[in-house]
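Here is the naming used below: chain letters follow the sequence lines, and residue numbers restart at 1 for every chain.
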Protein chains: 2
Amino acid sequence: MGAALALVGKGRHFASLGIREVTRQAGVVPTSFYRHFRNMDDLGLQLVDELGLVLRRMMREARANVLQSDKLIEESVAIFVAHAQTNRNFFMFMAQGLAGESRAVQEGIRSEMRFFASELANDLRRLRLMDHLSDADLDLTCDLVVRTVAFSLTDLLSVSPDDDYQVGQIRKRTSRFLQMIFVGAGHWQSDGA
Amino acid sequence: MGAALALVGKGRHFASLGIREVTRQAGVVPTSFYRHFRNMDDLGLQLVDELGLVLRRMMREARANVLQSDKLIEESVAIFVAHAQTNRNFFMFMAQGLAGESRAVQEGIRSEMRFFASELANDLRRLRLMDHLSDADLDLTCDLVVRTVAFSLTDLLSVSPDDDYQVGQIRKRTSRFLQMIFVGAGHWQSDGA
DNA sequence: CACATTAGTGAACAAGTGTACACATACAGA
DNA sequence: TCTGTATGTGTACACTTGTTCACTAATGTG
């Protein structure tokens, strides 16, 4: 799995990886592959599972660092960007998988995103922010937030992690996106819809 | 190019296509490939160019049908969904390319999206909607709108085009996303930022 | 210690791959 | 009608691919 991630990190697309290629990168003989996975799709699914762990770790850290802050959005985005950099390969795999070849992987990633959005909704409810929104509208908002952040991932992964200027630009732009969404959510129902 | 699109439409990922595979689908001998393209990346780039045409056609139709409507957002989303269905393969290619293997294709698609967003901004300016927004904030809004619609593409392409119920759900959800964004844009600056 | 399980090895095979080359055909413009 | 250009064909070559099979080394539990 590490070998596959490494190749993805080198710019290869997961869908174009072959068993021999992965085992070669892993420094192991091709047949060893079958000791662990039935095929590449299987490997992909297990990567999705690990991705889930990465996302949960990120959520935990966000919850810990953000609660007492007055700049909720900026802080959260910063944590997201930081995690996206330290787990670059995982997030590359995620970005690829959303429109990937394996329906199962696609569905898996989508489901992780839904989970993420629902956790976000819970947090907002618990913090009594957005208290005027119905449950459905809160879900809508969080879904939109998660999508927006996920799309920013694409921007983030297409620039060098060392290019602090560009990374900063993306962070600022993403924050503004989220602010605009929350402004919209704040005035929802009163004049919207 | 049609053959490559057909394979993408069948669920294959563009990055995993081979020259022989494409020519086979095209009903032509492998060597003929080189008469038209230098390699698969080249083919991808030419597909991006054609994708640009498809998007422009869609914009033209949106402009024609939407101007005199009071339900701007719903109409636009409906037109988008319709085009995404009739040009399903093109849009699949687009969704794949955003996180694809070829940096050039990636950049090409991103640039088409930027163009689309800037055209949208021009239209909104011309219609004197969102007149209170600075140019930069209008661009921000339109970028966010285009991203949101692009992400909905992923949802749309993952359900059967004949599943009217699911397609309808996606259309409604996308419309609500955009409404929320525009509510946010409407109250921007006054209380946001 | 014995033994079952897990992970890795090496050889083999049929099938598929990218690309080069010389050749054939259609057809537009002189 | 001749000729150059664009497109397609067939053959060939050296690799790479997925998967199989029988075999070996390590590992932890009885």
Side-chain angles (χ1 to χ4, degrees), chain A residues 1-53 89-90 92-93 96-97 99-109, chain B residues 1-53 89-90 92-93 96-97 99-109:
Chain A
M1 292 167 68
L5 275 187
L7 289 168
V8 165
K10 281 190 173 135
R12 301 293 313 279
H13 195 290
F14 184 80
S16 77
L17 297 183
I19 288 175
R20 285 187 112 104
E21 201 177 0
V22 172
T23 55
R24 197 181 310 130
Q25 166 83 25
V28 118
V29 100
T31 42
S32 276
F33 180 89
Y34 298 98
R35 298 291 177 192
H36 307 271
F37 316 101
R38 293 179 51 249
N39 49 46
M40 283 301 287
D41 273 21
D42 187 20
L43 204 183
L45 284 178
Q46 297 200 216
L47 277 178
V48 172
D49 289 344
E50 267 208 36
L51 174 66
L53 300 180
N89 298 356
F90 261 115
M92 282 197 163
F93 171 73
Q96 292 184 354
E101 184 157 88
S102 153
R103 187 57 64 110
V105 167
Q106 236 175 98
E107 196 42 57
I109 293 180
Chain B
M1 292 167 68
L5 275 187
L7 289 168
V8 166
K10 282 192 174 129
R12 301 292 314 279
H13 194 290
F14 184 79
S16 78
L17 297 183
I19 289 176
R20 285 187 113 104
E21 200 177 2
V22 171
T23 56
R24 196 181 311 131
Q25 167 83 25
V28 115
V29 98
T31 42
S32 276
F33 181 89
Y34 298 98
R35 299 291 180 193
H36 308 272
F37 316 101
R38 294 179 50 248
N39 48 48
M40 284 301 288
D41 273 20
D42 187 20
L43 204 182
L45 283 178
Q46 296 199 219
L47 277 178
V48 172
D49 290 344
E50 267 209 37
L51 174 66
L53 300 180
N89 299 356
F90 261 116
M92 282 199 164
F93 171 74
Q96 292 184 356
E101 183 158 89
S102 154
R103 188 56 66 108
V105 167
Q106 236 174 97
E107 196 42 57
I109 293 180

Exercise. In residues 6-16 of chain A, what residues come within less than 4.0 Å of DNA chain D, judged by heavy atoms?
Worked result: none
Exercise. For F37(B), which residues count as a ring-ring contact (aromatic ring centres under 6.0 Å, His included) partner, sequence neighbours excluded?
Worked result: F33(B)
Problem set entry | Any residue meeting side chain to side chain donor-acceptor pair (under 3.5 Å) with Q25(A), in chain and number order, not counting sequence neighbours | none
Problem set entry | Those residues that, when tested against E50(A), pass side chain to side chain donor-acceptor pair (under 3.5 Å) (two or more places apart) | none
Exercise. What bend angle does the helix from dC1(C)-dG30(D) to dA30(C)-dT1(D) show across its length, from five-pair end axes and to the nearest 10 degrees?
Worked result: 20°
Problem set entry | Within residues 36-45 of chain A or reaching into it, pairs that qualify as side chain to side chain donor-acceptor pair (under 3.5 Å) - sequence neighbours excluded | none
For this session: Test side chain to side chain contact (heavy atoms under 4.5 Å, CB included) on F14(A) and L7(A) and set out the steps.
Result: CA-CA 8 Å; F14(A) 184 80; L7(A) 289 168; over 6 Å; no
Seminar exercise, completed: Residues pairing under salt bridge (charged side-chain N to carboxylate O under 4.0 Å, His left out) where one sits in residues 16-33 of chain A, two or more places apart or in two chains, turn out to be R12(A)-E21(A)
For this session: Locate the shortest heavy-atom distance separating L51(B) from F90(B); write the atom from each residue and the value.
Result: N-CE2, 3.7 Å
Exercise. Relative to the ring of H13(A), is the ring of H13(B) parallel (under 30°), tilted (30 to 60°) or perpendicular (over 60°)?
Worked result: tilted
Problem set entry | Contact list for residues 27-37 of chain A, test salt bridge (charged side-chain N to carboxylate O under 4.0 Å, His left out), sequence neighbours left out | none
Problem set entry | With sequence neighbours excluded, residues passing side chain to side chain contact (heavy atoms under 4.5 Å, CB included) with D49(B) | none
Problem set entry | Contacts of S32(B) that satisfy side chain to side chain contact (heavy atoms under 4.5 Å, CB included) - sequence neighbours left out | V28(B), V29(B)
Seminar exercise, completed: So CD of E101(B) and OG of S16(A): to nearest 0.5 Å the spacing works out to 4.0 Å
Exercise. Does G100(A) offer a backbone N or O that forms a donor-acceptor pair with the side chain of Q106(A) under 3.5 Å?
Worked result: yes
Seminar exercise, completed: Min and max contacting nt of DNA chain D in 5' to 3' order, chain A heavy atoms within under 4.0 angstrom, are dT17(D) to dC23(D)
Exercise. How is Y34(A) classified with respect to the nucleic acid when contacts are heavy atoms under 4.0 Å: base, sugar-phosphate, or nothing?
Worked result: base
Exercise. Which part of the nucleic acid does R38(A) contact within heavy-atom distance under 4.0 Å: base, sugar-phosphate only, or nothing?
Worked result: nothing
Pick out the pairs of N or O atoms, protein on one side and nucleotides 9-12 of chain C on the other, that lie under 3.5 Å.
residue : atom : partner : partner atom : Å
dT9(C)  : OP2  : V29(A)  : N            : 3.0
dG10(C) : O6   : T31(A)  : OG1          : 3.0

